[in-house]
Amino acid sequence: MKKKSFYLDFDEQKDNECPSSLLIKLGGQLATFLSNKSDFIVRKSSKTKLKLFPRKNTILRQTRAMDLIVKSKKKEFERSSYTVEIAKKWNIKILIYEDTCQELKLRL
C-alpha cells in the first residue's frame, strides 16, 4: 500500500465507512484527479442499471423533475463507464469498494 496512488470513483460524503482514512493510515496516497500515474481506482460495483419509465399504450407525460432525474442517472452511468474505459486504456487496476474496505480492515 505504501507509495501507491488511489483514485476514489464515488462520493465519499455519502458513505459512512470511507476507505480514504484507512488508505492514508496504510501509507497510500489519494489522487484528487484521475491520471495515468494512478495505481488503482476504487469504485462502487455497478450492479444497478439505468431504468427508463415503462411505456404503455397511452402517452406518459413526464414532469420536468422526472426528466432531470433520468438525465442525471444517464450522466452518472456514462461517467462511471467512462472511468472504466480510461482505466483499461491506461492499465490501471480497478478495485471494488466493498472488497477494498474488507481488505483494508484486515491489514490494520
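The chain is numbered in sequence order, starting from 1.
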*To the nearest 0.5 Å, how far apart are OH in Tyr97 and CG in Asp9?*
13.0 Å
*Is Glu103 salt-bridged to Arg107, cutoff N-O under 4.0 Å?*
yes
*Write down the atom of Lys4, the atom of Asp39, and the distance for their closest heavy-atom approach.*
CA-OD2, 3.2 Å
*asked:* Just verifying a value: how many Å separate Ile86 CD1 and Ile94 CD1, rounded to the nearest 0.5 Å?
replied: 10.5 Å
*Ala87 to Ile41 - nearest heavy-atom pair and separation*: CB-CD1, 3.5 Å
_Thr100 and Phe6, any side-chain heavy atoms less than 4.5 Å apart_ = no
*Quick one: SG on Cys101 to CD1 on Ile96, what's the gap to the nearest 0.5 Å?*
11.5 Å
Could you tabulate the donor-acceptor pairs under 3.5 Å formed by side-chain atoms of residues 24-37, not counting sequence neighbours?
from, atom 1, to, atom 2, distance (Å)
Ser35, OG, Lys37, N, 3.2

*Specify the closest pair of heavy atoms between Leu22 and Lys105, including all atoms of both residues, with the distance to one decimal.*
CD1-CG, 4.3 Å
